[in-house]
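One structure below.
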Amino acid sequence: MKKKNRPKEEESSLRRRAEELLKGKSENLDPWFYPRLDRLSTADIEKLIHELHVHQIELEIQNEELRRAQSELEESRNKYADLYDFAPVGYFTISEKGIIQDVNLTGAALLGVEKGNLINKRFSQYVLADSHDRFYSIRKNLIESAAKQTAEVRMLRRDGATFHAQLKGVAVFDSQGNFRHFRIALLDITERKLLEEKLNRTQKLESLGVLAGGIAHDFNNILTVILGNVSLARMVTDPEVSLFKRLEEVERAALRAKVLTDKLLTFASGGVPIKKTTSIAEVLKDAVEFALTGSNVKCKFIIPHDLWPVEVDEGQISHVFSNLAINACQAMPDGGIIKVRAENVAGFKPSTSSSEGFPAEHGKFIRITMKDRGIGIPKENLQRIFEPYFTTKQKGSGLGLATAYSIIKNHEGEIRVESELGVGTTFTIYIPASEKEPSTKNGVEKEQLLTGRGKILVMDDEEEVRRVLRNMLFHLGYEFEFAVDGQEAIELYQRALKSGEPFDAVILDLTIPGGKSGKEAMKKLLRLHPQIRAIVSSGYSNDPVMAEFKRYGFKGVIAKPYKIEELGRVLYELVIG
């Protein structure tokens, strides 16, 4: 019997195991089954029988080891099959001609096709046309360079849906260097692409926001000069002459321009609202009419004369109204009428407000509804229209309604929507009513001019702004000094304290390019004089310092642009009142 070539240690071990097993079986040996061995001695026969039994047991051991190895191999093959089929990446084996030879279950699921139905199909039929060139380029490069290739392609599912995919490929060659097939790994990266697009949009919007904020700040400085000079000219003009009416028109235009800068600032950052008590009726009318200018859509207002006042940031609330009006206009491309209604509502509590922070304990709200007869909003989209970046418009940013929602929420109010396809859409806004009387009236109605006495320090980097403020303060009866930045303001204030003739109030511009800002100067001034009466002013009215000025030590706030009446009121309340 010819033995297999095995290592001596393995053969010795196998022999020992067989000898041990044989000892247990020797008593059961039956000579009847063996051939006649008359010519051999008893010892030779016993030796031969022993050898035969040892080899028999060796074969049994080898068979057992083979069965165990086969079982382990089968288990390993099953594990590999599971790992292959249920891997988070789709795996494809593709021939040189682009035919799918094998695919795992994940790959089949990505394409929405059963695994068996993908075999012998062209892989390219699931690649969108705009990605064909990229796919063919990868196949060519794989063969020519024999290096791994990676690309992003757009894929088509069986149901017509598309998705973004990352494709990684490698070419497989035999031992003679002949090409065999491609191995492709396919990963769905649609979610990642969406996040990248959102990030890119956010970064672009942040850049635009910085630009918009800068433009609004500079424009408000210009408007301060215009509005201030117009209000000064109106003071010395007879109301009966035509020039007075012209000045009123200029002032009205400047105030409307201020609304535009407020919209820019709202787009730039949203910001904490700077609220003041006002009548919502004129803000609503002006915003909607301005938004519909030049369109084929008209508006019907239903607003009672006894509408309660509200405490709002006029610029931000105006942005909400104009955005809703624009949406309604776009929903009626053939023209139509938007019905806008405002009314007093008692006993209302917004679902978004907590009892602890409820803004109107008396439950008084102004309800504003804006109803169009447009195309309507699909039911499945109604729950998402206030989400950032969600839009059904081809050129929409998806931020208009999200910003409106945020503004109303910051005003402790609520915004709702109802819509039916082909019938129209109705937006309903609830804004807390105020029990205060409006401090100023909208439009150009003449306000009371509050004069006073005192010494005012003004810090502003714009020469034209300082010039108009000099004239306004003179007409209001105050003495004044000016600084161009925070450092000069600190030095002037310190000098006045030492002389025993301190300033009665300080007006600090918040933003000073290249110099010490009003916020920085205020920290030093508070150390010099903790009881300082300071007013913060800025053309960038959405800065948190403007909204929460008391947290930074200021006693008052005035946003640019402003009229002489507004400046007089703020100074009177701080210095005289």
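Along the sequence shown, residues carry numbers from 1.
- Met155 has its side chain within reach of Leu111: a pair of non-hydrogen atoms, C-beta onward, lies under 4.5 Å apart.
- Counting heavy atoms of neighbouring residues, nucleotides and ligands inside a 6.0 Å radius, atom CZ of Arg551 does not exceed 12 of them.
- Counting heavy atoms from C-beta on, the side chains of Phe427 and Asn323 never come closer than 4.5 Å.
- Looking at Arg122, its side chain does come within 3.5 Å of a backbone N or O of Lys97 through a donor-acceptor pair.
- With salt bridges taken as basic N to acidic carboxylate O contacts below 4.0 Å, one links Lys275 and Glu412.
- Of the residues Phe182, Phe135, Tyr136, the one that meets the ring pair (Phe, Tyr, Trp, His ring centres under 6.0 Å) test with Phe123 is Phe135.
- With 3.5 Å as the limit, one finds no donor-acceptor pair spanning the side chains of Gln316 and His319.
- By the salt bridge (Lys or Arg N to Asp or Glu O under 4.0 Å) test, Arg192 is found to be paired with Glu152, Glu196, residues two or more places apart in sequence or in another chain being considered.
- In this structure, His411 contributes its side chain and Pro432 its backbone to no donor-acceptor pair below 3.5 Å.
- Under the 3.5 Å distance criterion, the side-chain polar atoms of Arg157 are matched with a main-chain donor or acceptor of Leu110.
- Met370 has its side chain within reach of Val288: a pair of non-hydrogen atoms, C-beta onward, lies under 4.5 Å apart.
- In this structure, Ser537 and Lys560 have side chains that are in contact, with non-hydrogen atoms separated by less than 4.5 Å.
- Between Lys285 and Glu282, none of the side-chain N atoms (NZ, or NE/NH1/NH2) sits under 4.0 Å from a carboxylate O, so this pair counts as no salt bridge.
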